[in-house]
Amino acid sequence: MTAYHPPKIASSEITPRGMYLRRREFLGAAAVAALALSGTDAMAAPLAAAKSSYTVDEPLTPIKDVTTYNNFYEFGLDKGDPAALSGKFKPLPWTIKVDGMVGKPGTFDIEALIKEFPPEERVYRMRCVEAWSMVIPWDGFPLAALLDKVEPLGSAKYVAFETVVRPDQMPGQNGFFQSLNWPYVEGLRLDEARHPLTLLAVGLYGETMPNQNGAPVRLVVPWKYGFKGIKSIVRITLTEDQPKNTWQLTNPQEYGFYANVNPAVDHPRWSQATERRIGEGGFFGANRRPTLPFNGYADQVASLYAGMDLRANF
Ligand code: MTE
């Protein structure tokens with residue numbers, strides 16, 4: 001995304017990136033679980049997740065790339081910062097407040113929600129607005145399941161989301177220079193939020209969500225650019241008016257509300273026609289592939305936008 005002023009981070013907080021990667025390579029699953037219990041690593045206990053039919057048949061992006069090439073500005077601007085600088089973040093206990101235009105507002109404990117809605121595994125194609133992509137096996141439950149619990153009123157048209165603010169645990173939030181305004185916010189239309197593809201993800205690769213990927217719960221909307229996938233969600237508010245998202249607030253010329261993956265509409269500063277698949281080798285752009293309308297999910301979601309001008313509603 002657009003580079004802003006780098007936050008100042010105490011050198012004592014930085015785990016050297018090379019060391020972190022080596023540590024990961026030598027860790028078996030048992031060691032990862034033990035580390036999680038000791039609170040020193042993001043990875044935690046395995047999630048028992050049933051396979052879902054919402055799964056693409058493409059090679060998975062290696063977990064090393066999924067967990068070390070991240071955008072999570074609360075932990076810094078560089079792709080390696082979230083993995084290196086999120087060790088102090090405590091994802092549990094955790095609650096999500098759901099309020100606004102609903103019949104039954106409430107505050108929900110994430111561990112209770114996971115018991116109530118056992119996560120299933122869904123392999124989704126993910127496309128970042130920066131023109132790279134990954135294929136990630138998420139574990140989660142439909143956002144619609146949580147929305148049903150709170151009984152949206154007829155007047156509710158949109159859903160707004162908010163990330164936690166914890167400058168003591170998120171070094172990107174206490175930098176001398178401000179990168180973004182906090183909290184990070186996002187929004188969906190209610191019918192998008194209720195769509196069966198829209199997931200509240202609580203894990204990936206069968207393990208509880210790593211801090212750097214949005215622990216303990218984040219949004220996954222596979223037909224939209226990755227920035228819609230707001231991480232570490234603490235509040236969901238049903239609204240009548242269209243909510244703004246962080247990138248739209250930061251740069252409205254470049255980022256809109258919808259952010260549907262669309263190879264026919266370029267970003268003002270680069271093409272969206274093709275993408276680079278992270279983790280695949282390839283000389284001279286051999287790992288570039290064409291970007292698909294709605295990221296390949298057109299059959300499932302194009303009808304949501306029937307009659308809309310997708311160039312105006314970018
Ligand atoms: N959520 C929060 N709270 N803060 C962020 O900076 N970055 C977004 C999105 N969610 C971001 C966020 C962007 S730009 C992308 S591409 C995805 O997270 C990346 O998710 P991943 O690191 O799990 O691949």
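Here the structure is a predicted model, which means the values were calculated and not measured. Both ligands and their constituent atoms are indexed starting at 1 by order of listing.
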Item to complete: For ring pair (Phe, Tyr, Trp, His ring centres under 6.0 Å), just list the numbers for Trp247 and Tyr225, CA-CA rounded to whole Å, side-chain angles, deciding distance to a tenth of an Å, and then say yes or no.
Response: CA-CA 11 Å; Trp247 290 102; Tyr225 290 119; over 10 Å; no
Response to the item:
Here the salt bridge (charged side-chain N to carboxylate O under 4.0 Å, His left out) pairs for residues 189-198, sequence neighbours left out, are Asp148-Arg194, Arg189-Asp191, Glu192-Lys224
Fill in: Trp247-ligand 1 polar pair, N/O distance under 3.5 Å
no
Response to the item:
Any heavy atom of Glu74 under 4.0 Å from ligand 1? The part involved is side chain
Worksheet item: Does the salt bridge (charged side-chain N to carboxylate O under 4.0 Å, His left out) test come out yes or no for Glu280 and Arg289, once each step is laid out?
Response: CA-CA 11 Å; Glu280 274 181 7; Arg289 61 184 69 218; 3.0 Å; yes
Worksheet item: Is the closest heavy-atom distance from Arg218 to ligand 1 below 4.0 Å?
Response: yes
Worksheet item: Does even one non-hydrogen atom of Cys128 get within less than 4.0 Å of ligand 1?
Response: yes
Worksheet item: Between the side chains of Arg127 and Ser133, is a donor N or O closer than 3.5 angstrom to an acceptor N or O?
Response: no
Discussion item. Tell me the contacting part of Thr163 for ligand 1: side chain, backbone, both, or neither, using a 4.0 Å heavy-atom threshold, strictly below.
Written reply: side chain
Worksheet item: Which of the atoms in ligand 1, numbered in the order shown and given with their element, are less than 4.0 Å from a heavy-atom of Asn213?
Response: 21 (P), 23 (O)
Practice prompt. Report the member of Tyr73, Trp132, Tyr69, Tyr184 with the shortest heavy-atom distance to atom 12 (C) of ligand 1.
Written response: Tyr184
Worksheet entry | Atoms of ligand 1 close to Phe72 [distance to a heavy atom under 4.0 angstrom, numbered from 1] | 2 (C), 3 (N), 4 (N), 5 (C), 6 (O)
Fill in: Residue list, salt bridge (Lys or Arg N to Asp or Glu O under 4.0 Å) with Lys228, at least two apart or on another chain
Glu186
Practice prompt. Calculate, to the nearest 0.5 Å, the distance between atoms CG and CZ belonging to Asn262 and Arg311 respectively.
Written response: 7.5 Å
Discussion item. Any atom of ligand 1 sitting under 4.0 Å from a heavy atom of Gly229?
Written reply: yes
Fill in: Parallel, tilted or perpendicular, as decided by the 30° and 60° cut-offs, for the rings of Tyr158 and Phe257
perpendicular
